[in-house]
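Nothing fancy with the numbering, it's 1 onward along the sequence. Order of appearance sets the numbers: ligands from 1, and atoms from 1 within every ligand.
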Amino acid sequence: MLYSCRPNPAAHCPIFSHLKQCTQFHAQMIVNGVLFPSSLANLLAFLVDPDHGDYSYGLLLFRQVQNASSTYLWNTIIRGSSRNGRPTTSIDLYGELRVKGLRPDSHTFSFLFKACALALDLQFGKRGHGEAIRFGFESDTFIADSLIHMYSVFGRLDDAKRVFDGMVAKSVASWTSLVGVYAKVGLVDDARRLFDEMPERNVVSWTTMIRGYSECNREMEAMFCFREMMSVGVKPDSVALLSLLRMCARLQNLDLGKWVHQFAYKEGIEMNDRLAVSVIDMYSKCEDVYSARRVFNDMPRKNLVACNSIIDGYCKEGKVEDARLLFDQMPTKDLISFNSMIAGHVQSGQYKEAWTLFCDLRVTNLKPDSYTMVSLLSACANMGALDAGKIIHSFIIVNLIETDVFLGTSLLDMYAKCGRIHEAMLVFGSMTQKDVLAWTAIISGLAMHGRPKTALDHFAKMQRAGIKPNDITLVGVLTACSHGGLVEEGRLHFKQMQDTYLLTPKVEHYGCMVDLLGRAGRLKEAEELITSMPMEPDAIIWASLLAACRTHNNVFLAEMAAKKLLDLEPHKDAIYVILYNIYASMGKWYDASKTRERMENAGIKKECGRSSIMVHGGVHEFIAGDKTHPRFEQIQAMISEISRQLMVAGYVPITSDVLLDIDDEEKEHALFFHSEKMAVAFGLISLPANVPIHIMKNLRVCRDCHSALKSIAKVYNREIIIRDRSRFHHFRGGLCSCNDYW
Ligand code: ZN
Ligand code: ZN
């Protein structure tokens, strides 16, 4: 067993060694008609003690006492209800007491205000405050303490100050609570001034001040305050350490966190469950799961919160296997455990495991929430698994899971990445609240799907809605301009990004601009932009320039770009091929053969093109030229049929991008066994005639496949949607949504 039950201290209680005995005792009293008020009060106090009592039985007992008129009894049950996590019952009981016309004493009010603080019922608290004044308890220190505490919970600085100022003798507790209110409303310097004025401070006052600093993320001052406390001889308790640890976790300050942990160890502060959990959480959040695990292993009674923290820590460090091992050992799990584990699987690309775990979760009596859904949707988006995504969507609807802006954005992103921009727009339209992430998702989705005009319309609407774009939004906007060939708009947005939104362009933004200028044939400007960049251009930038040079036949610039690209990515086979072809077209045979030699010497293998297609719920993956698919013969026959049909329709294969030294006929043959063509052939033979063919590809679609797919879409009257490395292509009626810009 990983964690066990708490031992029952009642078993060791000398007075009522057994609850059963105490029940019998009570029954006897009722039978004999002897109800000694003092024993009844003692019994009630024992029963409502949250550590070893039986609250429901206590409440029952209280109800049986006819005409309970002793304020002491009422106070006991009011206090007991709060301590048993039922503060609203305390408030109701106070109301009952008043209805009965009984007179509350100072304890009654003190317990009432504590209950109001716990139940977060400021309105009733204020009413109680008024009644306390009417009963003449205005200057009672005991009441004032709990009142200030209550107002501090609600951050009501003015109310707390008024009570404090009215106190004749100010207690340490009231000073401390007031310091707490100042810190809570963010006036931590005022809190400190008040703290310094205190005639006397105890460990709670120091802890309040430390917590004030911690919660404002002023870690240095929190630490100084902690040291100061020790230097004046106040020994910190675990509560002080808890707030420091929480701060370290939040700020991911591992050094400080370690120091606090070692301090607790050296000073012999008892490692109770709460403290141990905080230490574990601190280590996990600071990405030192090894230390977290050591503390965890030392815990005599493992608890769920600690387990969940460790799982989180493992997942954050990419140690999903370790996380799963612990997860599987847990005797009980809550939704947080499942959510962390599912997210962990998704983040490390283990989509199948995530999905299986979701199925496991559904047979428990836990209810998946929006966090579960967001993780699964992101898995579907990454896999392009539309069917699974739709299942999640209907699960959300059927189970009435609240679709907040976070979940809505994940949904629309899933549809966009699975090739369904129409559904993505429907989800977007139905969202009541839209933040910058939601707008960015729809703008990027529209850009990827070759809908530049609509993407820019959405960008304009977003600005009208007063939402400030971030740098990812601008990547979407510039991508839209680039895919749509909208040079002037692109330039304008690139300029506005800096002037209006004060965003510094990153290498991605320059990449979009180079792409935009290059596609439009403005190679000189693209080159100038690259030289003017404040940072080193990356491979993506040279690759877009190279692609543009090839489209617009600028061999000299292409040679330069290809060389730069080879320096950055010497293992990419495609670049050698391109450079070889550039030299060949220029008649530079010496350079051409040198390039080929270099490629052979480097032992470069061609990066495999992989395409996958979902058919009847199963994923079928095709690698160029691979013959291992069980239905390969039928696929081959279909490919021959397709090639015949395409030739009739006038399609001419583009052979210039293929391997170096085979003749044209072989090249044509090789082209037809590119992974996306095989996947399409398989789709044509296995899917019903009206179903669009969805394909995911790991690389960019080659020029020949692109032109062949346009023809296939027309000849077979089929919609084909391909998601390649950078965008979507919707082939319909002989055209592609990218307008041959890709
Ligand atoms: Zn191809
Ligand atoms: Zn296309």
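- Between H620 and H629, the ring planes are tilted. Angles from 30° to 60° get that label.
- Between H449 and F728, the two ring planes are parallel [angle under 30°; tilted spans 30° to 60°].
- Salt bridge status for D457 with K461: absent, with no side-chain N to carboxylate O gap under 4.0 Å.
- Using a cutoff of 4.0 Å between basic side-chain nitrogens and carboxylate oxygens, R610 and E676 are not scored as salt-bridged.
- Look at K588 and E559 and you find a salt bridge, because one of the NZ, NE, NH1 or NH2 atoms lies within 4.0 Å of a carboxylate O, short of that distance.
- Of all protein atoms, those of element N, O or S that lie under 2.8 Å from the Zn ion (ligand 1) number 3.
- Atom ND1 is the N, O or S atom of H729 at the shortest distance from the Zn ion (ligand 2).
- Taking the charged nitrogens against the carboxylate oxygens, R324 and E321 have no contact shorter than 4.0 Å, which rules out a salt bridge.
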